[in-house]
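What you see is a predicted model, and the numbers here were worked out from it, not measured in a lab. First listed ligand is number 1; within each ligand, the first listed atom is number 1. Counting from 1, the numbers follow the sequence of the chain as shown.
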Amino acid sequence: MANQLATSGILYLWLNLLIMNAHRMSVMGFIARWPGGRATRSYDFKVQTTKIEKLCNTWDIVTINGMFPGPVIYAQEDDRVIVRVTNETPYNATIHWHGVRQRLSCWSDGPSYITQCPIQSGQTFTYEFTLVQQKGTLLWHAHVSWLRGTVYGAIVVYPKTGVPYPFIYPYEEHIILLGEFWLRDLVQLEQSVIASGGGPPPADAYTINGHPGPNYNCSTNDVYKIDVVPGKTYLLRLISASLNTEHFFAIANHKLTIVEADAEYTKPFTTDHVMLGPGQTLNVLVTANQPIAKYSMAMGPYMSARNVPFQTITSTAYFQYLGALPNSLSSPAPVPTFNDNLAVKTVMDGLRSLSGTPSVPKEIDQNLFITIGLNVQKCTSRNPQQNCQGLNGGVMAASMNNISFIKPNISLLEAYYRKINGYFTEDFPGAPFKFYDFVNGAPNNAPVDTNSLNGSRTYVLEYGTRVQLILQDTGTVTTENHPIHLHGFSFHVIGYGTGNYNPDTANFNLVDPPYLNTIGVPVGGWAAVRFLADNPGVWFMHCHLEIHLSWGLSVVFIVKNGQGPLQTLPHPPADLPRC
Ligand code: C2O
């Protein structure tokens, strides 16, 4: 697995050779035209049930092609990617290409019941998309039930041939996938947590490239390791594929220089640690400039919510210099303590887009204010003991603008496209029904009524709308850092702060804001993002903490077709799964 995940110059060379043919063709007069790519990368994904040994147990997990973590998708900017997914498990399956902007290919986005019905047992669906002007590190993951707990992998998109990285060429590159592992059936786990009305149990272990490392019972030899040559610089492609927890990452005695976030270059920013919420990716450079030894790399929890049980044991891996004695382990990697909000802010403050961002909308057409947070619903079950294990004997929920999203039982994109009535409404409010002290109050009869409404409400955007979203954390149940992810777009993160958003005091950066697909909205605070709604389709926006998604912390944007060329969503593919 280590070899599989470690890409060296050799792979890059091989890719270049492949691409050179395409390049020669373009010299000979073949003109690549968007949305057609320069080259096509084809992959075969078999969703399978696979036995693995973890934490002293033999365990069945769902994988792609028997691999955990799953296979890497390699491509170059502007390539066409085709992935044929066959479901050989008894579960429903879909794959989402997290961060791929899916220009005119919403049908291949992957969230179940939003852009497609799940691929049922024994069925096949082929995803096709072009990486239009995208390069860097992203991830793919299952987008149905909690299957993405084991069904995930990296997407590595190299720049076009001949285009260098805007930083020192690394000696080697390594993919580092952060995960969470449960000795449970994840489909059943989601069902039982929802049925209980309460919160989820903590993970049994955190994992680095699938390995918990030596801090857990029975796991001494199940550890990931990178062998490094003294003096060389390494590019680490950090990816958080964890389910319900955000994580710090650090390497003992070594600095990390962030050069890319969510597959967009950033100004180099050097730090001791980083934080990644689920779905976030960071490319960091690390130079092996310390005395020869074996150093620990660690991922530890960032838990900003109050009274939530979580796994406290860190997962460690090794950053081992050539020539180091095997038992010369250094001091532990300095991951911040679990509630170190300042450590998170420091890294966020350092994220600036490299080139400045000429594309950040200076004017806006639509200004939406969206609260995000948790709720406790009144218990209505006849069996409260069993079904109302949330706070104060209630049922846990989550919402945007105090509306908990209910997934329809058909594909929302299909319902929209084929004008099938009755599955969704177009009345998601552009502002909360009521303004109050979001961080310290409750939405209804303050301070006690913590209920939300339910609905499959969408928000419709005309093609080309310049949108600003103010995302405001609420303290209805507990304030918390929420990693909010938007499908189909990246957004410019032009501002953020603590407390309630106040337009008179908020400071916006319209010069070099980071361009991300997932934003960790600060605990008890707000974030402001802008994007241009120029991709027709049905796009999910949700908290990437899976339990919050299950509880309804999401909304759907419908972006209408435009008038011009390449502004219309094509017909659905013939093999689109049926519900
Ligand atoms: Cu990575 Cu809708 O998710």
Novice: What N, O or S atom of His544 is found closest to atom 1 (Cu) of ligand 1?
Specialist: NE2
Novice: Between His96 and atom 1 (Cu) of ligand 1, is there a contact where an N/O/S atom of the residue lies under 2.8 Å from the metal?
Specialist: no
Novice: Below 2.8 Å, any N, O or S contact between His487 and atom 1 (Cu) of ligand 1?
Specialist: no
Novice: Under the ring pair (Phe, Tyr, Trp, His ring centres under 6.0 Å) test against His544, which residue among His143, His141, His96 passes?
Specialist: His141
Novice: Whether Arg101 engages the ring of Phe491 as a cation-pi pair (distance to the six-membered ring centre under 6.0 angstrom, angle to the ring normal within 45°) should be assessed.
Specialist: no
Novice: N/O/S of His143 less than 2.8 Å from atom 1 (Cu) of ligand 1?
Specialist: no
Novice: Count the heavy atoms belonging to other residues, nucleotides or ligands that lie under 6.0 Å from OH of Tyr417, then report whether that count exceeds 12.
Specialist: yes
Novice: Among the N/O/S atoms of His98, select the one at the shortest distance from atom 1 (Cu) of ligand 1 and name it.
Specialist: ND1
Novice: Could you pull out the closest heavy-atom pair between Met400 and Leu553, with the gap in Å?
Specialist: CG-CD2, 3.7 Å
Novice: Please state whether the rings of His548 and His482 are parallel, tilted or perpendicular, taking 30° and 60° as the class boundaries.
Specialist: tilted
Novice: Would you mind naming the N, O or S atom of His542 nearest to atom 2 (Cu) of ligand 1?
Specialist: NE2
